[in-house]
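Throughout, residue positions are numbered sequentially from 1 according to the sequence presented. Worth knowing before you read on, the calculation uses all heavy atoms, side chains too, and leaves out hydrogens, waters and symmetry mates.
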Amino acid sequence: MQSSGRARTTGACEPRQARKGATVAKTSVRYGYLVAGFNKMAYRVLARKWRPQTFEDLIGQEFPAVTLRNSIESGKIAHALLFAGPRGTGKTSTARIVAKAINCERKDGERYPCSTDQCPSCEGISEGKSLDVQEIDAASHTGVADVREIIESVKYSPASARKKVYIIDEVHMLSQSAFNALLKIMEEPPEHAIFILATTEAHKVPPTIMSRCQRYDFKKIPVEKIKESLEKITKAEGIKIDTETLYLIARESEGSMRDSLSLLDQLTVSFEDKITHKDVIGLLGIPDNESLKSILRAVFAKEPAKCVELVRNAASKGISPRRMAQDIIYMFRNLLYLKICGKDFTSDLSPDEKDELSELVKDESTETVELLFNIIIDGGERIRGSFYPEIVLELALVKMSTVGKVEKIDDILKRLERLSPQASGTGKTPGSPGGQTKTAERRPEKREDKPAEKESKHVEEKDAGENEKLAKQTPASAAGEQTSGDGPAKQEIVNFVHGKDKFLARKLAQAHLLEVSGNRVSIKFLKNGINHEKELKKSGKLREILKEMLGVGKVKIEVDTINDEGINGTGGPSRKPDPAEDEIVNYAIRQFDASVIKRKNLSQG
């Protein structure tokens, strides 16, 4: 067996010297060719090529960059740091920059740490060759044994740098036992050791670990800053791309610089050095801004058929209804921000888009935009769990394009105030008998569809001496203006009281009967109508006003409630007040397209 094995081995290499030399030469040529070919094909993706190397290169993380630089320059760097934030915001890059800054041998003007070609320490750390900076992936080293290796190695002094730096990425992936093993060494590490932990899920890091670290939160990078950085990179790389497309890439990256560079890398591979907006739309499979703006115009123009047509056109191009609903929601969010907060508040739109959207909602109320925003949000929630997302989106847009405009409550109340029968104030005529009144110069608006208001206006235009005659000749109005034959008319009383107290005047105006006989004033409300019996009985101010009006020393006020079948049980004619004859109710019915369903006695709750 041995000879057989030897024979096979020797046979494969014989003649030994000649074949050995030939084999070595052939292999060296082959591998030399492969390495050369690999070097020609070597390509570094943009995310690695443009990774930040100094604190000044960090994008959108001003607070961590300034704080860390100051702490290093002042020599007050903490022994344990925790970097928390979303993906692609520069946590690991910042950790490497901190490691270089701590061990940098020289300072390059305003750039800190120095450029990688100016000191061996920075160059070694940038290329991953430094023995004193260890980067550990906690996702693949989760156990106690991995942490034990760190604890053993941290005891030894640095090989060439000032400090040993341990960067533990995705630290939240460590097991609970591994975290417990780290506690002691992180609380009291050697003077030459610094720990930097990075995580995207800080809530999973135990409080015992977090309390031993100095925490820095990294936020999502604003769209405007990502766009500016992409603009600089594309110019340096010789890529032709317009500003609108850069904004689109920046929005799609959702605050991650790495995602935007990865997307740009993919686009350069597909379309080389000239990228158009249409290319990006087709590659990502998303609706373009012009389609979204067309939907917004159709909604505000009340064109439901146009909305449905645009949704179907997008679906025919392979665009997901869920994605389309998401983009419409973001559009309405921007509309609301532009309407309420102005153009400076919205940072993820280009200046031209801000102007266009602002013009679109210029004539719309904030309440209307809020209502449409809520409708599309509800539709988006239903789309997530629906088997027919396209139909749900169509129905949501149809609802948005058919809903009426919303007016401000303050504007409605002001209009109701102007339409109130007591809106025209009156004043007392000096020296007139019985404290009679004359109308103010301001007259109510003309409204042809309100006979009760015409009659009120007619009464107010008469002088004080004709009021009594008019009260005798004019039958009881629809509002219940019934008076006795020897006293002032109800409207006259209400007008006088309105000059003193408009709230009391409104309550009197809602009485069914108002009778004056000598110094006795009788006020009657319908049992099933609006009733202010309790308030008027206790009102001392009303008593004083009536004493002044009637010119008597004492006034007896009787406030009572009568049923619908007779007045005070006498069997006389009576009826329920028609709400349509009340001016305020009539206006509210027209304004809200409403109808009276139920009458309620307010005094009885």
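Here E252 pairs with R323 in a salt bridge; the nearest charged N to carboxylate O distance falls below 4.0 Å. Ion pairing between K227 and E231 holds under the 4.0 Å rule for side-chain N and carboxylate O. The pair K339-E370 does not meet the salt-bridge criterion, since no charged nitrogen lies less than 4.0 angstrom from a carboxylate oxygen. A salt bridge is absent between E228 and K225: the closest approach of a Lys/Arg side-chain nitrogen to an acidic carboxylate oxygen does not fall below 4.0 angstrom. Salt bridge E170/K91: absent, no basic N to carboxylate O contact under 4.0 Å. Ionic pairing of E224 and K354 is not present here: no N-O contact between side-chain nitrogen and carboxylate oxygen is shorter than 4.0 angstrom.
Residues Y166 and E135 have side chains that never bring a donor and an acceptor to within less than 3.5 angstrom of each other. Looking at S93 and R51, their side chains do bring a donor and an acceptor atom within 3.5 Å of each other. At a cut-off of 3.5 Å, with distance as the only test, no side-chain donor of N103 or S121 sits close to an acceptor on the other residue. Checking T54 against D57 by side-chain atom types alone, a donor-acceptor pair falls below 3.5 Å. Inspection of the H192 and S157 side chains reveals no N or O donor paired with an N or O acceptor under 3.5 Å.
Side-chain contact between F55 and I72 is present, with at least one heavy-atom pair separated by less than 4.5 Å. The side-chain heavy atoms of F83 and P64, taken from C-beta on, include no pair separated by under 4.5 Å.
Here the side chain of T89 pairs no donor or acceptor atom with the backbone of K219 at under 3.5 angstrom.
By the salt bridge (charged side-chain N to carboxylate O under 4.0 Å, His left out) test, R162 is found to be paired with no residue, residues two or more places apart in sequence or in another chain being considered. The salt bridge (charged side-chain N to carboxylate O under 4.0 Å, His left out) search around D355 returns K343, not counting sequence neighbours.
Atom NZ of K302 sits in a crowded spot, with more than 12 heavy atoms from other residues, nucleotides or ligands closer than 6.0 Å. Applying the 6.0 Å contact sphere to CD of E127 captures more than 12 heavy atoms from other residues, nucleotides or ligands.
The list of salt bridge (Lys or Arg N to Asp or Glu O under 4.0 Å) pairs with a residue in residues 270-287, not counting sequence neighbours, is empty.
A side-chain contact (heavy atoms from CB on, under 4.5 Å) with S365 is found for one member of T368, V361, D363, V369 and no other, namely T368.
Interatomic distance, CG of L230 versus CD1 of I226, reported as 7.0 Å (0.5 Å rounding).
Residues S153 and Q134 come closest through the heavy atom pair OG-NE2, 4.3 Å.
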